[in-house]
Amino acid sequence: MQRRPFFYDITLRDGNQSLKKPWSLDEKIVIFDKIVELGINAIELGFPASSQMDFDSCKTLASRANEKTLVSVLARANKNDINRALDAIKDAKCARLHTFITLSPFHMQYVLNKESDVVANIAIEAVEYAAAKIKEMGKNFDIEFSVEHFGDCSSNLDFVIETLKKVVEKGATTINLPNTVERYRPSVFVEMVKKVKEALPDYVVISVHNHNDLGMATATTAESFFAGATQLECCLNGLGERAGNTDFNQVAIALHNCGIKLDIDLSKIYETALTISQMSKVKIYEKAPLIGPEALAHRSGIHQDGAIKTKEMDFGAYRPIHPTLIGRFDDEKIGFTSQSGKTAIHDIIKALKYPITIQESIYLTPFAKALAENKGELSNDEILELYFDKICDIKGDFELISFKPIEKGVFGLFFNYKKEQKEVIGSGNGPLDACLNGLKKLGFEVKLEHYKQYSLDGDKDGSSARAMSEISILDNNNNTIIARAIDTSTPQANVKAIFNALNLLK
């Protein structure tokens, strides 16, 4: 059976402690419930010894948890913290004590001011004490031990491994290896994880907890899983001290894309991300992977072409997943800039429910590019205005002045040709036929190939409905030219379309 990752959420502890305004108990309950809904395996509730408020929230959330979700609390490697932590989770159905101390040479010397053998004994005795207290309580809680600043332990890794062996003998069943400050490339850390995994008994769960100081926490965490780490400590939206912790969303999808089975409801990721952003007052930056407002945006013409051609496919040309996998239902955004092309024009106009051909998109593109060079990205409304101006109102030698009914089947047509006024009476089976016959009298014969009408929505103020006429004519080389026009009057739309077609003739 394939090994599955065990996700350990640290949003309520690492995430919360990094906020300018930490969450209230009511807010923590909302977030706790969201984490449970996601299906995350374990939740670290907080640090009970840090304050009475944190103790109270840990106690409340521990009693709220079901038997399927493991809850954990943090304690420094001393008796007071451990007692306080166990008191906070005593009512939980499935719980863990998480204790820690640094084994980094730098940290032991300059922060703890203690010799390494002294620190090792503190770690061993803390786990031994915690195991005895849990037994005394008659609970089946397990113990996690963290090597704070494990990422800085490359020079004394043998000492760390020997200490961890003794910690495991005293009762720790999960060993957490934090990259407390990210300093090096992922492979350096991953190789250290491998060595610890190989040195400890198989029943011991190896965990990683990576910070994102250099922006590689996701890569480090995902690769650590393939190196033998089963527990992955992650934070929703990557919250955490400094540049944050490993982003749960990114790690989950990275493993999913590698074919790893997850016990996670991926469809709730996007909704949860928006909730966390709102409650933390930490905005999701626009280029944030998966959940950012721009994560589905395409502006390069080449990218837009591929994105549009594969937008309905699970495997997209320029996206890692189909957005609906994470519960995101906004479409891929096609934005027009000077770097975009005809495909973007075509997709935007079609999305706005107006007909357009590729040939018309090609015709419109230079105008849109010229405008975008000065203005930057064009809005959909600006693209639509160009469509109306350049496609539905073609300027040229022919300028329609009026087309008015005289009697049934007879119309008066007034227009300018090369600024010279023309007037003619046309008759036929309807306005379109009468216009064509009138033009023919003056020597402007139009070979009508096809005619189609569209009913459009009303104007933006909802004041009137509009009609679009689409006509296809043949030029002197029997090439088809499509022309369109819009008007609140269907006959006027027909005639306008004919004059637009005349102006397109070469």
Side-chain angles (χ1 to χ4, degrees), residues 1-10 14 38-42 44 70 98 144-154 157-158 160-161 164-165 168 172-238 240 243-266 269 289-291 314-315 319-321 325-326:
M1 184 176 177
Q2 185 189 59
R3 182 169 59 97
R4 296 191 180 194
F6 185 89
F7 282 102
Y8 181 99
D9 185 88
I10 52 175
D14 273 36
L38 271 171
I40 289 177
N41 308 92
E44 189 161 274
L70 184 146
H98 179 188
E144 174 175 339
F145 177 76
S146 284
V147 183
E148 188 185 11
H149 285 285
F150 174 77
D152 291 344
C153 293
S154 59
L157 190 57
D158 289 342
V160 171
I161 289 173
L164 290 177
K165 287 179 178 177
V168 166
T173 54
T174 298
I175 296 298
N176 184 42
L177 307 174
N179 211 7
T180 309
V181 177
E182 185 176 50
R183 306 185 200 275
Y184 315 108
R185 61 195 176 105
S187 63
V188 173
F189 182 86
V190 171
E191 284 302 313
M192 293 169 65
V193 171
K194 281 183 184 177
K195 289 180 180 178
V196 173
K197 171 65 179 173
E198 291 165 358
L200 296 182
D202 288 341
Y203 72 84
V204 176
V205 174
I206 301 299
S207 169
V208 291
H209 173 120
N210 295 305
H211 280 261
N212 201 38
D213 297 274
L214 298 179
M216 298 183 289
T218 295
T220 304
T221 301
E223 288 306 313
S224 293
F225 173 77
F226 292 104
T230 297
Q231 178 170 292
L232 309 177
E233 302 199 0
C234 302
C235 206
L236 295 176
N237 292 18
N245 293 85
T246 304
D247 189 320
F248 161 77
N249 310 318
Q250 296 170 25
V251 174
I253 297 303
L255 294 180
H256 167 81
N257 279 6
C258 291
I260 303 300
K261 301 294 184 183
L262 308 178
D263 300 317
I264 299 295
D265 187 347
L266 300 177
I269 283 179
L290 301 171
I291 61 172
D314 288 341
F315 192 89
R319 53 173 165 74
I321 57 167
L325 177 69
I326 62 170

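Just so it is clear, the model here is predicted, and its values are computed rather than measured.
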Starting at [atom1] of [X], measure out to [atom2] of [Y] and round the result to the nearest 0.5 Å.
{"X": "C235", "Y": "N249", "atom1": "SG", "atom2": "CG", "result": "10.0 Å"}
{"X": "D265", "Y": "I40", "atom1": "CG", "atom2": "CD1", "result": "11.0 Å"}
{"X": "I206", "Y": "L200", "atom1": "CD1", "atom2": "CG", "result": "5.0 Å"}
{"X": "F150", "Y": "I175", "atom1": "CZ", "atom2": "CD1", "result": "10.5 Å"}
{"X": "N41", "Y": "Q231", "atom1": "CG", "atom2": "CD", "result": "8.5 Å"}
{"X": "R183", "Y": "S154", "atom1": "CZ", "atom2": "OG", "result": "10.5 Å"}

Please determine whether side chain to side chain contact (heavy atoms under 4.5 Å, CB included) holds for the pair L232 and T246, giving the CA-CA distance in whole Å, both sets of side-chain angles, and the decisive distance to 0.1 Å. CA-CA 9 Å; L232 309 177; T246 304; over 6 Å; no
Under 3.5 Å, side chain of D213 to main-chain N/O of V181, donor-acceptor pair present?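 No; zero donor-acceptor contacts below 3.5 Å.
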Taking the side chain from Q2 and the backbone from K261, do they hold a donor-acceptor pair closer than 3.5 Å?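 The answer is yes, because a donor-acceptor pair under 3.5 Å joins these two groups.
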Minimum heavy-atom distance [X]-[Y], with the two atoms named:
{"X": "A42", "Y": "F6", "result": "CB-CE2, 3.5 Å"}
{"X": "F145", "Y": "A172", "result": "CB-CB, 4.2 Å"}
{"X": "K165", "Y": "A199", "result": "CE-O, 3.5 Å"}
{"X": "T174", "Y": "S207", "result": "CG2-CB, 4.0 Å"}
{"X": "G39", "Y": "I264", "result": "O-CD1, 3.7 Å"}
{"X": "P320", "Y": "N257", "result": "O-ND2, 3.2 Å"}

Residues I269, L290; criterion side chain to side chain contact (heavy atoms under 4.5 Å, CB included); working and verdict: CA-CA 9 Å; I269 283 179; L290 301 171; 5.9 Å; no
Would you indicate whether K197, at its atom NZ, is surrounded by more than 12 heavy atoms from other residues, nucleotides or ligands within a distance under 6.0 Å?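 Count over threshold, so yes.
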Crowded around F315 CZ? As in, over 12 foreign heavy atoms under 6.0 Å?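 For F315, atom CZ is not crowded (no more than 12 foreign heavy atoms under 6.0 Å).
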Note, [X] side chain near [Y] side chain (heavy atom, < 4.5 Å):
{"X": "F225", "Y": "V251", "value": "no"}
{"X": "E44", "Y": "E144", "value": "no"}
{"X": "K195", "Y": "L157", "value": "yes"}
{"X": "H209", "Y": "Y8", "value": "no"}
{"X": "I260", "Y": "R4", "value": "no"}
{"X": "L38", "Y": "F7", "value": "no"}
{"X": "H256", "Y": "L325", "value": "yes"}
{"X": "I291", "Y": "N237", "value": "yes"}

Charged N to carboxylate O below 4.0 Å: is that the case for E191 and K194?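 Salt bridge between E191 and K194, a charged N being under 4.0 Å from a carboxylate O: yes.
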For N210, which of T221, T180, T218 qualifies under side chain to side chain donor-acceptor pair (under 3.5 Å)?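 The residue from T221, T180, T218 that satisfies side chain to side chain donor-acceptor pair (under 3.5 Å) with N210 turns out to be T221.
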One pair to check against side chain to side chain contact (heavy atoms under 4.5 Å, CB included): V147 and V196. What are the steps and the verdict? CA-CA 11 Å; V147 183; V196 173; over 6 Å; no
Test side chain to side chain contact (heavy atoms under 4.5 Å, CB included) on N179 and Y184; report intermediate values, then the result. CA-CA 10 Å; N179 211 7; Y184 315 108; 5.9 Å; no
